[in-house]
Amino acid sequence: MLLLLWGADTYRSRRKLRDIVIEFEKKAGGSLAVARIDGAETSAGRPDGSPITMIGRTASLFSGKELYVIERISEADASDWQYVKTRLGDWSADKSVAVIFWEGAADRATRPFVTAIAAAAPKKQCQEFKALTPALAERWIAAEAGARGLSLSAHEIGLLAERFGADTWALAQEMEKIAHGWSVARLAVHRD
C-alpha cells in the first residue's frame, strides 16, 4: 500500500501522518512494525546499505504488517530514488507492507518525486496540504479551537488569522498558549 502526503502546510501534513500511523497501529492490534526513514539521511555508500533498500525484505517475526514512513525522498541519494521507482508498483499492491511518503512543498526540486509517487498510488491515498487562504485559515482556527476545547470569538479568530495568516505551526503554538491562559487581546496591542 502506498500513501503520499505533501504540501506547503507541513503542520497539517505532519499531524495527518501521525494520525495515520496511530490508526495503522490500532488496526494491527499492536503487531505493527513501524520504521521511519529520512531521505536526507540515507546513503547508498553505507556499509550496511541504505535503509530504503530494506523495505519489505525482512518481515518481522512479531508483526504481520510493516509500515514504513519515508520523509523527504527528494533529498535521498539518486540510487535510493532509482530503487524506490522500481518498487513503487510492488509496494502499491502489497497487503503486508505500507509505505507512506511525506514531502514538504512540491516545488521545482520535489515535483518529479511527488508526481512519480502519485502516479503509482491510488488517488484517494494522495493528499496535498496547500497553504491556507485567509478565509480557510479562519475556518481552520475555529475548528482547531473547538477541537482543543477553546472558545474564541470571531474577533479573536480574526486577530489570529491577521497576525499569523496560514502559518499553522505558529497558530497551533498560539492556541497552546491560549489554553494556558494567554489572552488573544494582547495581539491587538502588540501588532507589528
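Smallest separation of non-hydrogen atoms from A120 and L2: CB-CD1, 3.8 Å. For M175 against A145, the heavy-atom pair with the smallest separation is SD-N, 3.7 Å. For the pair I157 and A142, the tightest heavy-atom approach, listed with the atom from each and the gap, is CD1-CB, 3.7 Å. Of all the heavy atoms in A8 and A131, the pair that sits closest is CB-N, 4.2 Å.
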Only pairs under 3.5 Å count here: list side-chain donor-acceptor contacts from residues 164-173, not counting sequence neighbours, and write none if there are none.
| residue | atom | partner | partner atom | Å |
| --- | --- | --- | --- | --- |
| D167 | OD1 | W169 | N | 3.3 |
| D167 | OD1 | A170 | N | 3.1 |
| T168 | OG1 | D9 | OD1 | 2.4 |
| T168 | OG1 | D9 | OD2 | 3.4 |
| W169 | NE1 | T10 | OG1 | 2.8 |

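The side-chain heavy atoms of V99 and L88, taken from C-beta on, include no pair separated by under 4.5 Å. Side-chain contact between L4 and Q127 is absent, with no heavy atoms from C-beta onward closer than 4.5 Å. Put simply, the side chain of E176 does not reach to within 4.5 Å of the side chain of L150, judged on heavy atoms. Proximity of I55 to I70: side-chain heavy atoms (C-beta onward) are separated by under 4.5 Å at one or more points.
Within the structure, the salt bridge (Lys or Arg N to Asp or Glu O under 4.0 Å) test picks out the following pairs touching residues 126-145 (sequence neighbours left out): R15-E144, E144-R148. Among pairs with a residue in residues 102-120, those fulfilling side-chain hydrogen bond (donor to acceptor under 3.5 Å, both in side chains) read S13-W102, S74-E103, D107-T110, at least two apart in sequence or across chains.
The aromatic ring centres of W6 and F129 sit 6.0 Å or more apart.
By the side-chain hydrogen bond (donor to acceptor under 3.5 Å, both in side chains) test, K85 pairs with no residue at all, sequence neighbours left out. For S153, the side-chain contact (heavy atoms from CB on, under 4.5 Å) partners two or more places apart in sequence, or in a different chain, are H155, E156. D90 meets the side-chain hydrogen bond (donor to acceptor under 3.5 Å, both in side chains) test with R87; sequence neighbours excluded.
One finds the OG atom of S96 at 12.0 Å from the CG atom of L67 (value rounded to the nearest 0.5 Å). How far NZ of K27 is from CD1 of I22: 13.5 Å, rounded to the nearest 0.5 Å. A distance of 12.5 Å separates CZ of R12 from CG of D19, quoted to the nearest 0.5 Å.
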Evaluate side chain to side chain contact (heavy atoms under 4.5 Å, CB included) for Q125 paired with M1, printing each intermediate quantity in order.
-> CA-CA 9 Å; Q125 292 173 206; M1 172 188 285; 3.5 Å; yes
Dump the intermediate steps for side chain to side chain contact (heavy atoms under 4.5 Å, CB included) on F101 and W91, then the final yes or no.
-> CA-CA 12 Å; F101 288 92; W91 293 338; 4.0 Å; yes
Run the side chain to side chain contact (heavy atoms under 4.5 Å, CB included) check on I52 and I73 step by step: do they pass?
-> CA-CA 10 Å; I52 289 176; I73 188 64; 3.7 Å; yes
Evaluate the side chain to side chain contact (heavy atoms under 4.5 Å, CB included) criterion for residues W182 and E174: first the C-alpha distance (whole Å), next the side-chain angles of each, then the deciding distance (0.1 Å), finally the verdict.
-> CA-CA 8 Å; W182 185 83; E174 292 302 308; 3.4 Å; yes
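If you run side-chain contact (heavy atoms from CB on, under 4.5 Å) between E71 and each of I37, L17, L5, only L17 comes through.
S79 and D77 form no side-chain donor-acceptor contact under 3.5 Å, judged by distance and modelled atom types alone.
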